[in-house]
Amino acid sequence: MTDGLLGDEQLTGEVVGTYLADTRTGFGVIELQLDDGEGVRCVGPLAGVREGDTLRVAGRWTRHPRHGLTFEAVLYEQLVPTTVAGLADYLAGERFSAVPEAVRTRLLTTFGSGTARVLDHEPERLGSEAGIEPEDAAELLRAWAGARSLAELVRLVEPVAWPRDVVASVHARFGPDAAELARTAPYVLLEAERARFAQVDALARHLGVEAGDPARLAAGARAAVVAARTRQGHQHLSRAACIEATAALLGVDGILAADGLERACAAGALASEELEGAPIVSTPEALATEAQLATDLARLATAERPRLAPLGAGLDPGGDLTTGQRAAVEVAIGAPVSVLTGGPGTGKTRTVEEVVRAAESGGHSVALCAPTGRAAKRLEELVGRPASTIHRLLEARPDGDGGFALRYGHAEPLPFDLVVADEVSMCDTWLAAQLVAAVEEGAHLLLVGDPDQLPSVGPGDVLRDIVAAGVVPVTELTEIHRQAAGSRIVALAREVLAGEVGPLKGVDGDVFLAEEPDRRRIVPRVVQAVAERIPDHLGVPSEQVQVLAPVYRGPVGVDALNAGLKAALNPGGGRPEVSGFHVGDRVLQTRNDPELDVANGDIGSVVDLDAKRGELRVAFPRGEVVVDARGVRNLAPAWAVTVHKSQGGEWPVVVLVVDPSHRGMLWRNLVYTGVTRARDALIVVGRVEALRAAATQDRPRDRRTGLAARLRAAVPDVATAGG
């Protein structure tokens with residue numbers, strides 16, 4: 001059977017055994033006795049069911065390596081018995097244990113087989129006809145709603161085809177109230193982690209909400225701002241741009257869109273302020289975070305007694321340093337906040353190493369950090385000192401509402417005299433604000449990065465804004481070191497930045513060009529290169545090769561590349577799997593998880609799995625972690641990743657796919673970022689003309705941010721320095 005509950009195959013039966021119920025993840029393993037008497041093992045989000053429950057489960061059949069044929073449930077619907085005897089058994093279950101037995105008996109005696117109808121539609125009769133006290137009636141209705149809420153929500157959203165993960169997310173956030181909120185205040189459901197405006201709006205419109213409904217207009221205005229932040233990385237929109245985006249999103253005129261903006265601001269869902277004489281709009285949290293980041297940078301930059309400054313008199317940087325590197329060391333020691341930038345081969349890491357050495361020689365404590373585990377591990381290996389993710393440095397933990405609680409901040413600063421943050425171009429405004437807030441006044445902060453790389457995935461353009469503000473010293477390293485001077489990778493990166501790529505041939509030093517005009521052959525050529533040619537000719541195993549592409553979709557996007565590479569390098573072949581992952585798969589973390597110390601963009605390898613519990617053991621750069629059934633949904637295949645997701649990483653060999661079909665993403669900073677991920681060899685597969693075209697497309701710095709302006713206002717008189 002394939003109709004009904006979200007289009008999956010369905011089974012109906014009674015729960016006759018519960019083998020596992022993990023209330024933390026919601027994962028459960030049960031035995032379901034079907035109507036024909038057959039017993040079926042079911043796994044999935046079933047932790048809330050009880051023996052004796054009658055269920056309709058939706059999902060698919062799988063084969064467990066030990067337990068054989070298993071039904072993997074995606075959702076379940078609680079079916080209420082229709083007979084008095086069945087209702088008596090149902091109400092005697094654990095779920096109704098807080099309801100006195102006498103109350104349950106009176107309920108069935110009064111309403112008999114009509115009990116379900118009364119509880120669903122006529123609850124006032126519990127007191128007027130059955131004489132049940134208000135507190136007992138409330139507990140009875142709470143337990144009844146809890147048992148039926150998911151099924152009710154599923155039926156409600158089925159006509160607008162909500163994805164399964166959105167249904168689960170909304171139910172997890174609102175529980176028994178989800179269905180009622182969907183009917184009476186649908187836009188509140190946007191508070192759920194995975195709910196998107198288009199999905200909630202489709203439901204609201206299906207349920208009769210008018211296009212110009214005030215709640216819809218206000219929700220649409222906020223959604224327009226949130227979309228601009230998450231998709232384009234803007235910190236804010238101008239008031240005019242917000243009205244225009246709201247009108248386009250809702251399909252209404254500018255007058256109604258402006259009304260929605262005013263309503264959203266009045267309700268506190270959005271906030272408006274003047275920035276350099278122009279009105280801007282964003283979420284209150286976004287504006288407050290950016291303002292706080294500027295205030296804290298100003299606090300640090302204007303400290304009267306920087307702790308490392310006394311070291312400057314006797315400073316003797318290593319003799320192998322260039323003039324620019326020496327200047328950077330002196331600035332980092334003398335100034336409480338400074339920035340170190342430069343492209344590949346210019347010696348940023350060697351400079352950091354010298355700054356750390358100088359600080360430690362003076363008895364000062366040092367912390368090294370980076371936005372991702374991969375970047376932190378690389379920093380640790382190059383500098384020879386422990387390094388951590390920024391989340392781990394601040395001792396971040398989930399706060400239960402989808403965010404993080406941090407140990408270190410204004411109330412308890414970090415206990416270090418020098419904090420070095422690498423790959424700052426990857427830091428969005430929120431992460432940068434948390435780090436800067438935790439640095440104690442008088443301590444030094446050295447921000448290291450390459451502003452020519454892609455900006456952060458999250459909102460903001462922190463590194464570029466700090467450099468552009470001109471209120472803290474910035475040292476840019478430009479001299480290529482001898483060991484990198486002969487690298488064609490470094491030369492190509494510079495050519496891309498200059499906007500003119502020189503001649504490329506099949507083999508050009510450490511750059512290899514695999515020109516392929518036939519788009520249909522690109523994926524097979526990449527697979528052959530990774531599986532055979534690179535290991536055979538360069539001596540680099542496949543696991544040290546990373547494939548990059550600008551986009552996910554299309555015939556030569558990340559999705560197609562992942563499918564081809566997976567089939568060649570680690571086919572399933574009937575082996576145990578969890579959500580399509582097998583031992584040996586390369587995976588990408590898509591959300592920050594400070595509890596596991598893995599960050600968005602970290603790449604690891606599946607080393608073990610537990611199909612029964614739906615768990616994976618993954619080796620990430622910072623060590624092995626167990627990813628539970630809920631966390632697995634935050635993993636994606638990583639045989640190939642987008643250039644955006646590769647930021648902060650470096651691999652011995654990188655295969656960069658460029659094709660004219662990627663033209664919407666072929667920008668100078670994207671190709672530059674992809675090229676500079678390669679350490680020893682770069683293989684370019686596709687069309688060199690696409691690479692050259694990208695080098696000429698200097699994408700305008702169109703992220704709407706206010707950090708530079710706020711910094712100039714907060715630190716008007718600080719002189720800058722640098723080389």
Side-chain angles (χ1 to χ4, degrees), residues 157 160 162 166 169-170 173-174 178 181-292 401-403 428-430 457-461 702-707 709-710:
V157 304
V160 292
W162 271 22
V166 176
S169 177
V170 168
R173 171 66 177 82
F174 297 105
L181 284 171
R183 283 190 294 266
T184 60
Y187 296 102
V188 173
L189 303 183
L190 288 168
E191 296 175 14
E193 181 182 4
R194 294 183 178 267
R196 300 294 177 262
F197 181 82
Q199 297 154 349
V200 173
D201 192 47
L203 175 63
R205 300 285 278 148
H206 173 72
L207 295 176
V209 174
E210 297 292 337
D213 185 280
R216 181 174 188 261
L217 297 176
R222 179 177 168 87
V225 171
V226 170
R229 284 173 44 76
T230 56
R231 296 174 188 170
Q232 285 87 44
H234 298 314
Q235 269 295 107
H236 62 253
L237 291 178
S238 68
R239 187 178 188 280
C242 180
I243 293 172
E244 182 180 352
T246 302
L249 178 67
L250 298 178
V252 298
D253 60 32
I255 295 175
L256 286 176
D259 180 58
L261 171 57
E262 297 306 321
R263 290 179 182 277
C265 289
L270 291 177
S272 180
E273 65 178 52
E274 293 277 328
L275 185 67
E276 295 188 317
I280 63 170
V281 177
S282 192
T283 65
E285 302 82 8
L287 295 179
T289 298
E290 188 178 70
Q292 188 61 59
D401 293 322
D428 61 22
T429 304
W430 182 88
V457 175
D461 205 350
D702 58 358
R703 287 198 171 189
R704 300 184 183 109
T705 63
L707 181 59
R710 295 180 193 276

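All residue numbers refer to positions in the sequence shown, counting from 1.
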Identify, with sequence neighbours excluded, every residue that meets side-chain hydrogen bond (donor to acceptor under 3.5 Å, both in side chains) alongside [X].
X    : value
E191 : R173
R710 : E273, E290
E276 : none

Working to the nearest 0.5 Å, report the span between [atom1] of [X] and [atom2] of [Y].
X    : Y    : atom1 : atom2 : value
L270 : R263 : CG    : CZ    : 13.5 Å
L256 : L250 : CG    : CG    : 9.0 Å
Q232 : L237 : CD    : CG    : 8.5 Å
R194 : L190 : CZ    : CG    : 15.5 Å

Identify the heavy atoms of [X] and [Y] that sit nearest to each other, and give their distance.
X    : Y    : value
I243 : A257 : O-CB, 3.5 Å
H206 : V160 : CB-CG1, 3.7 Å
G706 : L275 : CA-CD2, 3.6 Å
A264 : A218 : CB-O, 3.7 Å
A211 : L217 : O-CD2, 4.0 Å
L249 : G220 : CD2-O, 3.5 Å

(request) Provide the full list of salt bridge (charged side-chain N to carboxylate O under 4.0 Å, His left out) pairs with a residue in residues 230-254, sequence neighbours left out, each pair given once. (result) R239-E262
(request) Scan for salt bridge (charged side-chain N to carboxylate O under 4.0 Å, His left out) pairs involving residues 195-215, sequence neighbours excluded, and state none if there are none. (result) D201-R216
(request) Run the numbers on W162 and V200 for side chain to side chain contact (heavy atoms under 4.5 Å, CB included), then give the verdict. (result) CA-CA 9 Å; W162 271 22; V200 173; 4.2 Å; yes
Does the [X] side chain pair with the main chain of [Y], one donor and one acceptor, at a distance under 3.5 Å?
X    : Y    : answer
R222 : A269 : yes
S238 : I280 : no
W430 : T289 : no

(request) Taking the side chain as every heavy atom from C-beta outward, state whether L707 and Q235 have any atom pair closer than 4.5 Å. (result) no
(message) A side-chain contact here means heavy atoms from C-beta on lying under 4.5 Å apart; do V226 and F197 qualify?
(response) no
(request) Answer yes or no: are there more than 12 heavy-atom neighbours, outside L207 itself, under 6.0 Å from its atom CG? (result)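 Yes, the 6.0 Å shell around CG holds more than 12 heavy atoms from other groups.
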(request) Apply side-chain contact (heavy atoms from CB on, under 4.5 Å) to S282 and list each qualifying residue two or more places apart in sequence or on a separate chain. (result) V225, R229, H236, A286, L287
